[in-house]
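All chains are named by letter (A, B, ...) in the order of the sequence lines, taking the proteins before the strands, and each is independently numbered beginning at 1.
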Amino acid sequence: MDKRTEICRCEEVKLGEILNAINNGAKTSKALKLATRAGMGICQGRTCQPVLEQIISYYTNQNIQETPGLSTNHPVRPLSLEELAGNRKDL
Amino acid sequence: MVVIGGGVIGTSVAYQLAKTKRKVMLIEKGEIGGQTSGSCDKAIFLQSKQPGLPIQMAKASMRLYENLEDELGMSIEFKKNGGMIVIESDTHMDAMAKFVKERKKAGMDVKLLDRNETLAWQPGLSSHIAGAAFSKEDAEVNPLRLSQAFAQAAKRYGAVVRTHTEVTDIICADGKVTGVQTTDGKIAAETVVNAAGPFASQIAEMTGIGLTIMPRRGAILITEKIEPFIHGNILCSQYIAAKHAASGDGDIPPYGIGLSLGQTERGNLLIGASREFKGYDKAVGPDVLSAIASHATRIAPALNNVNIIRTMVGFRPFTGDGLPIIDKAKAVEGFITAAGHEGDGIALAPITGHLVISLLEDEEHYKDWLKRLRLERMHEV
């Protein structure tokens with residue numbers, strides 16, 4: 001890997017940006033997400049999260065956490081607004 | 001000095017304290033901008049504020065925003081793209097005409113648009129829209145970058161930022177603050193600024209001071225990236241009703257829903273929002289999310305086929321009168337509150353840092369404003 005290696009494909013975040021964020025104090029994948037957008041794209045970190053955790057572990061000498069650093073939230077898979085709205089007429 | 005809370009308010013305060021050559025430590029229990037400031041929309045609305053002090057503070061804050069990117073040395077994606085409050089039915093037009101008139105009187109550039117003018121500016125909206133209030137003074141910013149930029153700039157002025165550190169007690173002696181106890185040791189400080197937003201009451205309790213800031217929960221839907229869909233930011237007249245309705249008011253829509261619509265620089269739409277009192281419970285049910293989607297697609301049917309990739313939930317720090325608390329505690333010397341901005345934290349973050357400095361230095365400049373932001377007003381109701 002070099003600094004131009006793409007870590008988050010959805011948001012096109014490169015290793016260099018991740019390392020900058022770590023130098024600025026980021027110690028968790030959530031902090032990296034807030035600072036660089038890694039994990040914010042359409043796959044919601046499903047692809048890059050394990051790599052992010054390994055990078056943090058390698059550069060900050062921490063063990064990889066048992067619980068994932070990125071929280072999951074609704075919806076489990078992308079869902080259109082029409083599907084989410086259903087056919088409710090009350091609002 | 002210790003600042004508790006690393007959201008837009010705490011980081012703005014820490015930045016101003018460090019810039020004015022004070023020794024500052026910012027303590028955040030999670031990540032910088034990880035709670036309220038990371039689960040909000042991106043609008044800096046002026047016209048949605050009430051005439052009087054709320055609009056005056058928002059205007060002063062907007063003037064600070066104009067040069068903030070240069071000052072902080074980092075892009076915060078600040079843009080003056082204008083803002084629109086969409087009016088869905090003709091029956092709301094009279095109320096909104098009054099709304100526009102009041103704001104013009106307060107010195108704002110707001111105008112009432114008819115259906116055609118509204119749709120010409122926002123072609124993605126439904127043709128049943130009656131009109132809109134529009135102001136080119138409204139702007140937008142990326143709140144994630146805003147708190148990061150304040151924190152980084154504070155560090156350049158010598159501030160120390162400690163994340164993943166929780167304050168567990170405020171240490172006082174003879175009615176004065178002497179330090180804070182954290183999960184990572186004790187820190188001596190004669191001044192502590194409580195900028196913990198929706199958690200500020202818990203911090204205040206450690207000193208025995210009663211502070212009633214309640215968490216008002218909001219949920220926002222985040223879509224996949226799409227081509228530019230809107231110009232500036234959009235609210236609807238129901239949002240204004242929900243925002244300013246006193247609790248117990250009969251006019252609050254179900255789940256406190258009103259549209260807030262913005263688009264990030266990358267193309268994701270942020271679609272909000274709800275307003276509910278549910279304690280610190282982040283588990284928002286599908287009923288609320290479905291209601292937000294239903295309301296949004298009624299106003300902008302073109303959204304029907306756009307995919308939601310995530311939802312986010314946060315707590316607005318609610319004081320009850322639409323104004324934050326920025327004050328020194330009378331009973332505990334050195335304990336300062338800068339919290340309770342509810343949904344106006346992004347708009348008011350820059351000015352809040354200046355107000356705290358003004359408070360500390362006992363300046364004349366903002367005295368009239370600070371008088372109205374006092375803690376005691378909560379007990380006078």
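- Heavy atoms of A/T72 lying under 4.5 Å from chain B belong exclusively to its backbone.
- Distance check, rounded to the nearest 0.5 Å: CG of A/L81 to CG of B/N305 gives 9.5 Å.
- Within 6.0 Å of the CG atom in A/N63, the count of heavy atoms belonging to other residues, nucleotides or ligands does not exceed 12.
- No part of B/S147 comes within reach of chain A, as not one of its non-hydrogen atoms sits under 4.5 angstrom from that chain.
- Rounded to the nearest 0.5 angstrom, A/S71 OG and B/M312 CE are separated by 11.5 Å.
- In this structure, B/T297 contributes its side chain and A/E82 its backbone to no donor-acceptor pair below 3.5 Å.
- Neither the backbone nor the side chain of B/V161 comes within less than 4.5 Å of any heavy atom in chain A.
- Shortest non-hydrogen contact noted between B/S290 and A/A85 is OG-O, 3.5 Å.
- We find the CG-CG distance between A/L84 and B/N304 to be 11.0 Å, quoted to the nearest 0.5 Å.
- Between the side chains of A/T28 and B/E31, a donor-acceptor pair is found at a separation under 3.5 Å.
- Separating the CD atom in A/E83 from the CD1 atom in B/I308 is a distance of 10.0 Å, to the nearest 0.5 Å.
- When the heavy atoms of residues 32-46 of chain A are compared with those of chain B, the residues falling under 4.5 Å are A/K33, A/L34, A/A35, A/R37, A/M40, A/G41, A/I42, A/Q44, listed by number.
- A/L79 contributes atom CG, which lies 9.5 Å from atom CG of B/L221 (distance to the nearest 0.5 angstrom).
- Neither the backbone nor the side chain of B/I222 comes within contact range of chain A; no heavy atom of the residue lies under 4.5 Å from a heavy atom of that chain.
- Applying the salt bridge (charged side-chain N to carboxylate O under 4.0 Å, His left out) definition to pairs two or more places apart or across chains, those involving residues 256-279 of chain B are A/E11-B/R266, B/K79-B/E265, B/R217-B/E276, B/R275-B/E342.
- Only the side chain of B/K155 has a heavy atom closer than 4.5 Å to any heavy atom of chain A.
- In this structure, CG in A/N73 is found 11.5 Å from CD1 in B/I309, a value given to the nearest 0.5 Å.
- At distances below 3.5 Å, not a single donor-acceptor pair connects side-chain atoms of A/S80 with backbone N or O atoms of B/N307.
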